[in-house]
Amino acid sequence: MDHANSAANFSTQMNETDELGRLAKGLLRGTRHGTLSVLNTKEGAPVSVRVGIATDIDGAPVLVMPDEVGALLNSEASQHGSLLLIQSDPSSDQSSLRLAGRFERVIGDNRAWAMSRYAARHPNLEVSQEDGPLNLYRLEVSTGQLTLASGQTFNLQAEHLMSVAENIGDWGMREHRAREHMNDDHADAVALYAEKLAGRRSGEWVLTGIDPEGIDMTLGDDHCRVWFDEPLSKPDEMHHTLVDLVKHARLMGSEAPTS
């Protein structure tokens, strides 16, 4: 079937759905910046700005909005918009992902871990979660469009882009503690994940996110992701999975080269 310059409906293509859905999720989880577009209904013109991006436990983008955009979303009845992400790794193909949905301000208990995940992806952030009301928003994704370097374009629904995470509040609190524990007390294990399981360069890698489908790590501007063999169904499974990953990484490191 020829997909060139056309949108493919994934509903009847389960193999492609899985493969390209993972590609889109990886791009989403690994991108730090994107272009946000919303409509200023008063002026009848779109507003586009570059924004920093992290992801929530389920993969929904979390953004710190510029003041003018935050004020626009807060004052207007329509908070729908789009977010364009372009593959940031220059060594890979330049795929892109455009997401559409509704922006909702992150408040209450959810804000603490959302801000924590954002700060982990943007360590130079100067404003902490206690220093004033940042315009922290989450994009409730409705649809997406993945464009490969070849020009092939595929339409995706939210279920192809989001990870299943029941009781996201419990996930958020446990993920925050697990991530801090790994970075503070088991930095050697985090380095093993990146170097042995993801095949990346040696260095002081930092674990920036744990979600039901994998873990994300950064070293400076480099990012890598390790996918779990099977998605986690509950946050209680994080500990055993991380331990198993360390064992696997150490086993790979001890394997003697073949002659």
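Between atom CG of residue Leu99 and atom OG1 of residue Thr143 there is a gap of 8.0 Å, rounded to the nearest 0.5 Å. The CZ atom of Arg50 lies 7.5 Å from the OG1 atom of Thr35; values are rounded to the nearest 0.5 Å. Here the CZ atom belonging to Arg177 is positioned 12.0 Å from the NE2 atom belonging to His181, to the nearest 0.5 angstrom. The OG1 atom of Thr147 sits 10.0 Å away from the CD atom of Gln152 when rounded to the nearest 0.5 Å. Separation of atoms CZ (Phe228) and CE (Met238) is listed at 8.5 Å; rounding is to 0.5 Å. Atom CE of Met217 sits about 15.0 Å away from atom CD of Glu204, to the nearest 0.5 Å.
Under the 4.5 Å side-chain criterion, counting only non-hydrogen atoms from C-beta, Glu140 is not in contact with Phe103. A heavy-atom distance below 4.5 Å is not found between the side chains of Val206 and Val190. Put simply, the side chain of Asn155 does not reach to within 4.5 Å of the side chain of Leu146, judged on heavy atoms. In this structure, the side chains of Leu136 and Leu63 stay at 4.5 Å or more apart for every pair of heavy atoms. In this structure, the side chains of Leu139 and Arg102 stay at 4.5 Å or more apart for every pair of heavy atoms. In this structure the side chain of Ile53 never reaches within 4.5 angstrom of the side chain of Arg32, judged on heavy atoms. Counting heavy atoms from C-beta outward, Ser37 and Pro46 have side chains that stay 4.5 Å or more apart.
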Does Asp18 form a side-chain contact (heavy atoms from CB on, under 4.5 Å) with His160? I'd like the steps, not just the answer.
CA-CA 8 Å; Asp18 295 341; His160 305 139; over 6 Å; no

Should Leu27 and Leu85 be marked as a side-chain contact (heavy atoms from CB on, under 4.5 Å) after you check the CA-CA gap, both sets of side-chain angles, and the distance that decides it?
CA-CA 8 Å; Leu27 197 160; Leu85 312 176; 3.7 Å; yes

Worked check of side-chain contact (heavy atoms from CB on, under 4.5 Å) between Leu28 and Leu97
CA-CA 8 Å; Leu28 174 57; Leu97 179 65; 4.2 Å; yes

Could you please spell out the steps behind the side-chain contact (heavy atoms from CB on, under 4.5 Å) verdict for Met182 and Tyr193?
CA-CA 11 Å; Met182 292 299 297; Tyr193 296 152; 3.5 Å; yes

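A cation-pi contact, defined as under 6.0 Å to the ring centre and within 45° of the axis, is absent between Arg174 and Trp171. A cation-pi contact, defined as under 6.0 Å to the ring centre and within 45° of the axis, is absent between Arg200 and Trp205.
By the side-chain contact (heavy atoms from CB on, under 4.5 Å) test, Asn110 pairs with Val106, Trp113, sequence neighbours left out. Taking Glu159 as the reference, Gln157 meet the side-chain contact (heavy atoms from CB on, under 4.5 Å) condition, with sequence neighbours excluded. Val243 is linked by a side-chain contact (heavy atoms from CB on, under 4.5 Å) to His239, Lys247, counting only residues two or more places apart in sequence or in another chain.
When all heavy atoms are compared, the tightest approach of Thr31 to His33 is CG2-O, 3.0 Å. When all heavy atoms of Ile210 and Ala178 are compared, the pair lying nearest together is CD1-CB, 4.0 Å. Minimum interatomic distance between Gly203 and Ala191 (heavy atoms only, all atoms of both residues): O-CB, 3.9 Å. Scanning both residues, Arg105 and Tyr137, for their nearest heavy atoms gives N-CD2, 3.4 Å. Contact between Gly21 and Leu156 at its shortest, heavy atoms only, is CA-CD2, 4.3 Å. Across every non-hydrogen atom of Ser202 and Glu195, the tightest pair is CA-OE2, 3.2 Å.
Between the side chain of Arg179 and the backbone N or O of Ala120, no donor-acceptor pair lies under 3.5 Å. A side-chain donor-acceptor contact under 3.5 Å links Ser142 to the backbone of Ala100. Side-chain N or O atoms of Asn183 include one that pairs as donor or acceptor with a backbone N or O of Leu207 at under 3.5 Å. Checked by atom type and distance alone, the side chain of Ser116 never pairs as donor or acceptor with a backbone atom of Ala112 at under 3.5 Å.
Contact check on Asp211 versus Lys25 returns no salt bridge, with no Lys/Arg side-chain nitrogen under 4.0 Å from an Asp/Glu carboxylate oxygen. Salt bridge Lys234/Asp170: absent, no basic N to carboxylate O contact under 4.0 Å. Salt bridge Asp58/Arg138: present, at least one basic N to carboxylate O contact under 4.0 Å. Between Glu175 and Arg117 a salt bridge is recorded (basic side-chain N to carboxylate O distance below 4.0 Å).
Ile215 and Trp227 fall into different hydrophobic clusters, defined by Ile, Leu, Val, Met, Phe, Trp and Tyr side-chain heavy atoms under 4.5 Å apart, directly or through other members. Under a hydrophobic-cluster definition in which Ile, Leu, Val, Met, Phe, Trp and Tyr are linked whenever side-chain heavy atoms come within less than 4.5 Å, directly or via other members, Met252 and Leu245 are assigned to the same cluster. Using a 4.5 Å cut-off between side-chain heavy atoms of Ile, Leu, Val, Met, Phe, Trp and Tyr, with links allowed through other members, Ile57 and Val164 fall into different hydrophobic clusters.
Dense packing is recorded around CG of Asp188, with more than 12 heavy atoms of other residues, nucleotides or ligands lying under 6.0 Å away. Within a 6.0 Å sphere centred on CG of Asp229, heavy atoms belonging to other residues, nucleotides or ligands number 12 at most. Remark: Asp236 CG is packed, more than 12 non-hydrogen atoms of other residues, nucleotides or ligands lying under 6.0 Å away.
In this model, a donor atom of one side chain and an acceptor atom of the other lie less than 3.5 Å apart for Thr55 and Arg29. Remark: the Arg98 side chain and the Gln145 side chain contain no N/O donor-acceptor pair separated by less than 3.5 Å.
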